[in-house]
Amino acid sequence: MQILDGKKLSMTLKEEIKEEVDFIKEQGHRAPHLSAVLVGNNPASEAYMRNKVKSCNMVGFSSDLIRRDADITQAELLLLVDKLNSDDGVDGFIVQLPLPDHIDDEKVLLAIDPSKDVDGFHPYNFGCMAQGMDCFLPATPYGIMLMLERYEVDTSGKNVVVIGRSNIVGTPLSILLSRKNKVGNATVTLAHSRTQNLKEICQRADILISALGKPFFVTHDMVKEGAVIIDVGINRIDDLSRKSGSRLVGDVDFEKVAPKSSFITPVPGGVGPMTVASLMMNTLKAFRRKFPYEYER
Ligand code: GUN
């Protein structure tokens, strides 16, 4: 069994990005700039945002965190999106989800200029992704694809089972893995809450990806010997042995599943850090498209 170490790999990717950003600055350009909009004070969103800003500093991007109260109106938020769309100093921006209930997420995501949509959530980017055209890939699926590539996990012809059909993880990942690409060419099953015989379906998976957000959902009896396990879940559970009274776990019962697997991602330190590194990759891509330059790694 080998750990797919997202923490370590994301550091490597961020070092590679930093080298390119240093080169950009040596050429006399300004640094790539990422803006992030945070509405309200959801604790999980606050934590993601801190990581994103920290990573921007690490790779040499400039960034700004734009906070708005939870009672912001839809019209005010759309105005802010418009302002970021037309700000030449902003190469890419994200609006952290979830948004408060009175805001229509769809309207906000549709208002983002696709050329600055470094989260890859706009239907333009999603459509390009589905057709294998140049686009911003959504950060979590992109991070998983990079992880499979760098660890040389063979996906061609393999049975992949993705559990969870969200717009930002399960659905795009199922498309990416089935496409004719270096990481791809898999036979993909997208399982969800109405799937029948889930256990039997999972038992046939060469690569099992869980993205549904339920602690310990994937148990050892659902997993084939030698399977690759990717755990996208980030769930906080009570743990009175910890000073904080809680800890983070994935969707997979790691202790019992790990010994049966060939590769497995831990939580934390697996997919999570890869998501942030992918956002940095997308921001660099947005900058490159705007200010083309020659760079050889
Ligand atoms: N909420 C949970 N994950 C994400 C993400 O990758 N991007 C944004 N904008 N919101 C999220």
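Note that ligands are numbered from 1 as they come in the structure, with each ligand's atoms numbered from 1 the same way. Side chains included, hydrogens not; waters and symmetry mates left out as well; all remaining heavy atoms used. One is the number of the first residue; the rest follow in order along the sequence. Everything quoted here is computed from the prediction, not taken from an experiment.
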Check each N or O atom of ligand 1 against all protein N or O atoms and list the pairs under 3.5 Å, with atom names and distances to 0.1 Å, one per line.
from     : atom 1 : to     : atom 2 : distance (Å)
ligand 1 : 1 (N)  : Gln96  : NE2    : 3.2
ligand 1 : 1 (N)  : Leu97  : O      : 2.9
ligand 1 : 7 (N)  : Asp119 : OD1    : 3.2
ligand 1 : 7 (N)  : Asp119 : OD2    : 3.2
ligand 1 : 9 (N)  : Val95  : O      : 2.9
ligand 1 : 9 (N)  : Asp119 : OD2    : 2.6
ligand 1 : 10 (N) : Gln96  : NE2    : 3.4
ligand 1 : 10 (N) : Leu97  : N      : 3.0

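- No salt bridge links Lys158 with Asp206; every basic N to acidic carboxylate O contact stays at or beyond 4.0 Å.
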Give the C-alpha distance, both sets of side-chain angles, the deciding distance and a yes or no for side-chain contact (heavy atoms from CB on, under 4.5 Å) between Ile24 and Arg288. CA-CA 10 Å; Ile24 288 168; Arg288 257 196 229 122; over 6 Å; no

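- When each of Ile230, Val267, Ile163, Leu212 is paired with Asp251, the side-chain contact (heavy atoms from CB on, under 4.5 Å) condition holds for Leu212 and for no other.
- A cation-pi arrangement, defined by a distance under 6.0 Å to the six-membered ring centre and an angle within 45 degrees of its axis, is absent between Arg30 and Phe291.
- Partners of Arg236 according to the salt bridge (charged side-chain N to carboxylate O under 4.0 Å, His left out) rule, which considers only residues two or more places apart in sequence or in another chain, do not exist here.
- Side-chain N/O atoms of Asp64 and Ser35 include a donor and acceptor closer than 3.5 Å.
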